[in-house]
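So that the names make sense, note that chain A is the first sequence line, chain B the second, and so on, each numbered from 1.
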There are 2 protein chains.
Amino acid sequence: MTQSPRDGRSRARRVTLADVARKAGVDKAVVSRVVNADPLLNIRPETRARVNAALKELDYRPNVAARSLRTAKAGTVGLFIPDFANPVYAEIITGAETAAADLGCALMVGSSTAGRGARSYLDLLGQGRVDGLLLAGGTITGEEQATLADRGLPWLFVNRRGPGSGRHVILDDVLGARVAVDHLLDLGHRRIAHVGGPPGADTAHRRHDGYATALRSAGLEEDPRLVVQDVYGPDGGVQAVRLLLDGPEPPTAMFVANVASAIGVLSALRARGVSVPEEMSVVAVHDLPLAEHLIPPLTTVRMPLRALGARATKLLLSVPADHPVEEVVREPIELVVRQSTAGPRR
Amino acid sequence: MTQSPRDGRSRARRVTLADVARKAGVDKAVVSRVVNADPLLNIRPETRARVNAALKELDYRPNVAARSLRTAKAGTVGLFIPDFANPVYAEIITGAETAAADLGCALMVGSSTAGRGARSYLDLLGQGRVDGLLLAGGTITGEEQATLADRGLPWLFVNRRGPGSGRHVILDDVLGARVAVDHLLDLGHRRIAHVGGPPGADTAHRRHDGYATALRSAGLEEDPRLVVQDVYGPDGGVQAVRLLLDGPEPPTAMFVANVASAIGVLSALRARGVSVPEEMSVVAVHDLPLAEHLIPPLTTVRMPLRALGARATKLLLSVPADHPVEEVVREPIELVVRQSTAGPRR
DNA sequence: CTGAAAGCGCTTACAG
DNA sequence: CTGAAAGCGCTTACAG
């Protein structure tokens with residue numbers, strides 16, 4: 001605790017509403033209304049001009065704490081993610097950040113990587129630090145959810161459906177998966193494996209759905225030996241390749257639920273001497289700048305992650321906390337064909 | 001503007017200090033001192049117990065806005081980065097987040113990806129939203145820096161030296177580069193290229209320094225035709241490979257200033273049929289989980305990015321704004337040898 | 001050892 | 001058309 005009087009903040013006293021009011025020769029209530037563009041304010045143009053001049057001259061900025069205290073609104077939305085290192089969340093964050101800024105709000109992102117998990121993040125939020133909380137991916141315990149509800153904090157699950165919450169915004173993962181699998185089917189593949197996400201993940205569930213649906217539409221039956229579930233990430237992909245290639249009748253193509261897993265899939269295939277796409281086609285969900293530079297460049301399905309983050313932010317801020325939100329973001333999903341997919345060798 | 005009275009926040013009135021005081025039968029000043037563990041408070045053990053019981057029973061959480069208004073401290077530190085998608089920043093963020101939490105602070109991260117750049121982020125911060133600002137990477141214009149100073153907001157450059165600021169925390173990039181280049185020298189390489197970062201980047205400058213120093217220590221002279229500067233990122237790497245391989249006397253090894261560029265280097269080398277490490281060794285700064293799964297697995301120099309983020313946060317919060325900070329984080333730098341480096345073919 | 005009071009900087013009915 | 005006043009929930013000298 002440095003309690004020095006010269007700690008840099010006290011340098012110049014901040015400009016307050018009262019300063020502006022004095023300079024403009026009006027009451028601070030008037031200044032407040034001008035600042036907030038109160039539509040009910042009926043003010044003489046010359047008075048408004050005087051106020052605006054004073055505002056500008058003194059470079060007035062409202063004190064956020066005072067405003068928050070008075071209005072019981074923080075002007076901030078929280079976003080909780082599992083890990084900053086996951087580029088999928090980077091896209092969601094960017095979308096949320098943009099939307100929040102458009103609404104005049106700040107965004108406060110927290111992750112569980114910092115160690116203590118969602119609980120300690122919730123503690124930090126305290127009372128009034130955020131107006132609502134976006135919960136992206138990861139897992140929230142029942143206790144944590146109860147804590148949220150206790151605090152009267154509106155929350156919204158992003159990219160996953162919460163346990164019976166009825167408050168979530170997701171992407172059309174079923175369609176995304178279908179697009180990927182249809183691409184493989186169009187190329188002529190019939191033995192198509194699915195490198196799925198972890199059993200607990202809602203996105204994994206929905207992508208598996210899309211995979212099954214696509215096969216069915218093509219008159220194919222799902223072969224359980226061709227479906228592997230593992231963590232999203234390179235290690236999951238490595239593991240999946242081992243299981244799939246050691247099976248009795250290996251696939252000719254793989255639909256990978258996540259681009260991070262696909263990185264592991266490509267490296268494991270190479271390590272085993274399986275060439276892509278000649279001997280194995282690979283397509284994954286989520287496009288990243290990286291995908292183009294993998295070896296070979298990876299065919300992906302681009303999902304509207306930014307739109308997801310933006311939409312979630314808007315809904316969190318506009319829909320009352322006790323109303324249900326169950327939205328699927330309908331921005332276009334795009335197949336990005338690169339060099340990891342080709343027809344099966346015959 | 002939804003002005004509905006049922007907006008979810010008003011559901012249950014929040015518990016205030018006064019509620020706790022009433023329940024415990026003391027004045028709220030006492031509760032405040034207990035909550036904040038005021039060392040000057042001399043309180044009868046039984047009174048303290050009563051207060052603590054009431055605190056727990058009502059599940060009291062201080063109102064951050066009220067506290068901030070009173071103390072003129074936000075309890076939040078801001079971190080501004082160029083892009084969430086860059087995994088290097090992910091590590092810095094995680095370090096900062098952990099340190100902030102340890103100090104009882106929240107972290108507010110903003111990026112310039114959201115469009116409007118540093119200026120609009122600064123506007124959002126308004127007055128009192130953060131106690132200080134960490135500026136990682138990227139570029140800050142003189143005007144922006146002036147704005148910062150005007151607001152009396154302490155700031156600190158992270159992983160770069162600000163223009164004459166005298167307030168920064170960086171890593172020992174010179175050493176990191178030396179470690180990488182020494183590794184190549186030890187393997188027997190003599191024609192070692194440098195795929196450097198953009199001319200404006202301070203880290204690029206320091207890594208180039210380390211490269212030059214290492215060569216000199218080995219009695220070698222820097223060949224300007226073997227040094228290429230380009231953006232940090234796969235595209236920069238692709239570009240660099242083209243320039244280097246088309247030269248008169250191509251290198252046998254490449255020291256790449258950034259792992260993101262190395263991804264492009266590997267893919268470009270492969271596209272040109274140059275095998276790694278047989279015909280070309282590649283080593284890059286920054287280790288990522290990804291590096292192990294590149295083809296071939298990439299040899300890297302692991303830099304203490306988390307420690308950097310953590311240290312910067314601590315310094316920002318403890319060193320007065322008008323004092324200089326010029327620190328190099330001395331956590332260990334580690335060479336991670338994988339399969340992209342080998343002796344030169346002869 | 002504990003209480004009463006002032007005040008941080010705003011916003012918002014209300015009065016004139 | 002503009003002003004005076006109350007109050008959001010804290011913290012902190014100060015009084016007793």
Visitor: Step by step, would you call A:V35 with A:R67 a side-chain contact (heavy atoms from CB on, under 4.5 Å)?
Guide: CA-CA 12 Å; A:V35 167; A:R67 178 181 279 177; 3.9 Å; yes
Visitor: What is the distance from atom CG of A:L55 to atom CZ of A:R48, rounded to the nearest 0.5 Å?
Guide: 11.0 Å
Visitor: Roughly how far apart are B:E97 CD and A:F84 CZ, rounded to 0.5 Å?
Guide: 5.0 Å
Visitor: Under 4.0 Å from any atom of DNA chain C, heavy atoms only: list the residues of residues 32-56 of chain A that qualify, in numerical order.
Guide: A:S32, A:R33, A:N36
Visitor: Output the rounded distance in Å from CZ (A:R61) to P (C:dC10).
Guide: 12 Å
Visitor: Would B:D131 and B:K73 count as a salt bridge (Lys or Arg N to Asp or Glu O under 4.0 Å) here? Give the steps.
Guide: CA-CA 6 Å; B:D131 295 319; B:K73 293 222 166 298; 5.4 Å; no
Visitor: Picking from C:dA4, D:dC10, D:dA6, which would you name as closest to the side chain of A:R70?
Guide: D:dA6
Visitor: So which atom in B:G75 and which in A:R129 form the shortest heavy-atom distance, rounded to 0.1 Å?
Guide: O-NH1, 3.3 Å
Visitor: For A:S112 and A:F80, what are the C-alpha separation, side-chain angles and deciding distance, and is it a side-chain contact (heavy atoms from CB on, under 4.5 Å)?
Guide: CA-CA 8 Å; A:S112 37; A:F80 190 69; 3.8 Å; yes
Visitor: Rounding to an integer number of Å, can you tell me how far A:D27 CG sits from C:dT11 C1'?
Guide: 12 Å
Visitor: Which distance, rounded to the nearest 0.5 Å, do you find between the CG of B:L79 and the CG of B:L316?
Guide: 10.0 Å
Visitor: Please state how far atom NZ in B:K73 lies from atom P in D:dT12, giving the value in whole angstrom units.
Guide: 11 Å
Visitor: With rounding to the nearest 0.5 Å, note down the distance linking CG in A:N159 to CG in A:L171.
Guide: 5.5 Å
Visitor: Name the stems with DNA chain C in them: runs of three or more consecutive Watson-Crick or G-U pairs, distances under 3.5 Å?
Guide: C:1-3 with D:14-16, C:5-12 with D:5-12, C:14-16 with D:1-3
Visitor: Can you see which heavy atom on A:M108 is nearest to which on B:A106, and at what distance?
Guide: CE-CB, 3.8 Å
Visitor: Let me know the distance between CZ of A:R14 and P of C:dG7, rounded to the nearest Å.
Guide: 21 Å
Visitor: Pick the closest DNA chain C nucleotide for B:T71 and for B:V30 by heavy atoms, then say which residue is nearer the 5' end.
Guide: B:V30
Visitor: From CG of B:L69 over to P of D:dG9, roughly how many Å is that when rounded to an integer?
Guide: 12 Å
Visitor: Rounded to the nearest Å, what distance is computed from the NZ atom of residue A:K28 to the C1' atom of nucleotide C:dC10?
Guide: 7 Å
Visitor: Would you mind reading off the distance between A:N63 atom CG and D:dC8 atom P, rounded to a whole angstrom?
Guide: 18 Å
